[in-house]
J.: 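Have a look at this one.
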Amino acid sequence: MSKIISLFRRSAGELRTTRCLTVSALFIALNIALDLTGLTLRLSSELRIGFGYLCNASIGMLFGPVPGMLAGICTDVLGYFAGNLSMGAYFPGYTLTAITGGLIWGLWLYRPDGGLLRDSRMKRILRLVGAKASINLFCNIFLNTVWLTVVYGKSLSILLPVRVMKNLVLLPLECVLLYFTVQLVLTCRRAFTF
């Protein structure tokens with residue numbers, strides 16, 4: 001338990017650095033821009049991968065769960081007000097999902113001692129797959145399905161099987177994209193020492 005408390009304390013300390021604030025702001029802006037432009041990888045009419053999660057994962061990896069959760073709030077609320085006003089009233093459940101996602105990214109990927117840089121390739125891959133699988137299971141399948149039933153009144157028994165299958169099919173490709181993005185971010189981190 002003391003390791004978790006220490007991790008959160010260290011992560012919260014990142015918020016005092018200019019580096020954390022500027023890099024997080026850039027990733028938040030990139031996430032919102034990607035969402036507003038509708039840039040996705042379409043596999044079929046029902047299966048598509050957005051790229052915003054790569055920005056959130058990068059924030060969680062670089063700065064931990066506390067900035068990751070705050071970035072989740074910012075991307076959800078600012079993204080809603082920037083371009084999603086036509087989708088109806090604001091629903092705070094999706095913000096809770098974004099906060100939870102930032103927490104999961106930070107817990108799986110943040111290593112204040114630079115551990116992710118020193119991890120073997122296999123250990124890094126296992127961390128990335130674990131993080132993305134946790135996001136898909138808890139945030140995408142569980143929380144977002146509950147929010148869809150609350151907002152649109154659709155039956156959970158109808159939504160759940162479709163959402164489970166969709167997330168299982170997309171998981172391998174999302175993990176591959178995540179791996180290459182993390183490699184790029186870690187390379188930039190080494191080059192620019194941020």
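Throughout, numbering of the chain's residues begins at 1 and tracks the sequence.
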J.: Side chains of Thr100 and Met69, heavy atoms from C-beta outward: is any pair under 4.5 Å?
T.: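 No, their side chains stay 4.5 Å or more apart.
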
J.: Checking the side chain of Ser134 only, and the main-chain atoms of Gly130 only, is there a donor and an acceptor separated by less than 3.5 Å?
T.: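 Answer holds: yes.
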
J.: Check step by step if side chain to side chain contact (heavy atoms under 4.5 Å, CB included) holds for Ser6 and Arg9.
T.: CA-CA 5 Å; Ser6 174; Arg9 191 172 289 138; 5.6 Å; no

J.: Does Arg163 offer a backbone N or O that forms a donor-acceptor pair with the side chain of Asn167 under 3.5 Å?
T.: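 Pair found, side chain donor or acceptor close to backbone of Arg163.
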
J.: Does the side chain to side chain contact (heavy atoms under 4.5 Å, CB included) test come out yes or no for Arg42 and Ile49, once each step is laid out?
T.: CA-CA 7 Å; Arg42 289 196 179 272; Ile49 298 175; over 6 Å; no

J.: In Å, rounded to the nearest 0.5 Å, how long is the span from CG of Leu103 to CD1 of Ile99?
T.: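 Those atoms lie 10.0 Å apart.
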
J.: Please check this pair: side chain of Thr17 against backbone of Glu14, looking for a donor-acceptor N/O pair closer than 3.5 Å.
T.: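 Here the side-chain-to-backbone pair exists.
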
J.: Nearest heavy-atom pair of Gly101 and Cys139: which atoms, and what distance?
T.: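 Where Gly101 meets Cys139 most closely, the heavy atoms are N-SG, 3.7 Å.
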
J.: Checking side-chain contact (heavy atoms from CB on, under 4.5 Å) between Phe27 and each of Thr22, Ile32, Asn56, Leu62, which is the one that passes?
T.: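 When Thr22, Ile32, Asn56, Leu62 are each tested with Phe27, the side-chain contact (heavy atoms from CB on, under 4.5 Å) holds only for Leu62.
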
J.: Rounded to the nearest 0.5 Å, what separates atom CG in Leu159 from atom CG in Asn144?
T.: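 One gets 11.0 Å once the value is rounded to the nearest 0.5 Å.
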
J.: Are the side chains of Leu7 and Lys3 in contact, using a 4.5 Å heavy-atom criterion?
T.: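 A side-chain contact under 4.5 Å is absent here.
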
J.: What distance separates Ile158 CD1 from Thr145 OG1, expressed to the nearest 0.5 Å?
T.: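 One gets 13.0 Å once the value is rounded to the nearest 0.5 Å.
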
J.: Can you hop from Val185 to Leu34 via hydrophobic side chains spaced under 4.5 Å?
T.: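 Yes, one cluster joins them.
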
J.: The test is side chain to side chain contact (heavy atoms under 4.5 Å, CB included); show your working for Asn140 and Tyr53 and say whether it passes.
T.: CA-CA 12 Å; Asn140 298 350; Tyr53 77 97; over 6 Å; no

J.: Calculate, to the nearest 0.5 Å, the distance between atoms OG1 and CG belonging to Thr40 and Leu47 respectively.
T.: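 One gets 11.5 Å once the value is rounded to the nearest 0.5 Å.
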
J.: With a 3.5 Å distance limit and no angle check, can you tell me whether Ser155 reaches the backbone of Ser157 through a side-chain donor-acceptor pair?
T.: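 The answer is yes, because a donor-acceptor pair under 3.5 Å joins these two groups.
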
J.: Quick one: do Tyr94 and Val150 end up in the same hydrophobic cluster if we chain Ile, Leu, Val, Met, Phe, Trp and Tyr together by side-chain heavy atoms under 4.5 Å apart?
T.: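 Hydrophobic grouping puts Tyr94 with Val150.
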
J.: With rounding to the nearest 0.5 angstrom, report the CE to OH distance, Met61 to Tyr110.
T.: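 Between Met61 CE and Tyr110 OH, I get 12.0 Å after rounding to 0.5 Å.
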
J.: Examine distances only and state if a side-chain atom of Ser11 and a backbone atom of Val66 form a donor-acceptor pair shorter than 3.5 Å.
T.: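 Yes; judged by distance alone, with no hydrogens or angles, the pair exists.
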
J.: Give a yes-or-no answer on whether the side chains of Tyr80 and Thr95 include a donor-acceptor pair shorter than 3.5 Å.
T.: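 Note: Tyr80 and Thr95 side chains miss the donor-acceptor criterion.
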
J.: How close do Ala57 and Leu178 get, counting heavy atoms only, and between which atoms?
T.: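 Closest approach of Ala57 to Leu178, heavy atoms only: CB-CD1, 3.6 Å.
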
J.: Determine, for Tyr179 and Lys132, whether the Lys NZ or Arg CZ falls below 6.0 Å from the six-membered ring centre while staying within 45 degrees of the axis.
T.: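 Lys132 over Tyr179 ring: no.
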
J.: So do Arg124 and Gln183 actually touch side chain to side chain, heavy atoms under 4.5 Å?
T.: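 In contact.
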
J.: Group every Ile, Leu, Val, Met, Phe, Trp and Tyr by side-chain heavy-atom contacts under 4.5 Å, then state whether Leu184 and Phe180 land in the same group.
T.: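 Shared cluster, no.
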
J.: Can you name the closest pair of heavy atoms from Ala131 and Ile104 and give their distance?
T.: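 Looking at all heavy atoms of both residues, the closest pair is O-CG2, 3.9 Å.
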
J.: I'd like to check Leu170 versus Leu43 (side-chain heavy atoms, cut-off strictly below 4.5 Å). Are they in contact?
T.: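 Side chain of Leu170 against side chain of Leu43, heavy atoms only: contact under 4.5 Å found.
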
J.: Show your working on side chain to side chain contact (heavy atoms under 4.5 Å, CB included) between Phe51 and Leu177 and close with a plain yes or no.
T.: CA-CA 9 Å; Phe51 298 107; Leu177 290 171; 4.0 Å; yes

J.: For the residue pair Val182 and Ser58, establish whether any side-chain heavy-atom pair is separated by less than 4.5 Å.
T.: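 Side chain of Val182 against side chain of Ser58, heavy atoms only: no contact under 4.5 Å found.
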
J.: Under 4.5 Å between side-chain heavy atoms, counting indirect links through other Ile/Leu/Val/Met/Phe/Trp/Tyr residues: same cluster for Leu171 and Ile125 or not?
T.: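 Different clusters.
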
J.: Does a donor on one side chain and an acceptor on the other come within less than 3.5 Å for Glu174 and Asn136?
T.: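 Short answer, yes.
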
J.: Report the distance from atom CG of Leu78 to atom CG of Asp35, rounding to the nearest 0.5 Å.
T.: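 Taking CG in Leu78 and CG in Asp35, the distance rounds to 11.5 Å.
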
J.: Indicate yes or no: at least one non-hydrogen side-chain atom of Arg127 is less than 4.5 angstrom from one of Arg111.
T.: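 The answer is yes; the side chains approach within 4.5 Å.
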
J.: Quick check against the 3.5 Å criterion: does Trp147 have a side-chain atom that pairs as donor or acceptor with the backbone of Gly93?
T.: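 Checking the backbone N and O of Gly93 against the side chain of Trp147, a donor-acceptor pair under 3.5 Å is found.
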
J.: Do Val162 and Leu160 belong together in a cluster built from hydrophobic side chains that touch within less than 4.5 Å?
T.: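 No, because Val162 and Leu160 fall into different hydrophobic clusters, even though each may have its own neighbours under 4.5 Å.
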
J.: Are the side chain of Asn31 and the backbone N or O of Cys55 linked by a donor-acceptor pair below 3.5 Å?
T.: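 No, because the side chain of Asn31 does not come within donor-acceptor range (under 3.5 Å) of the backbone of Cys55.
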
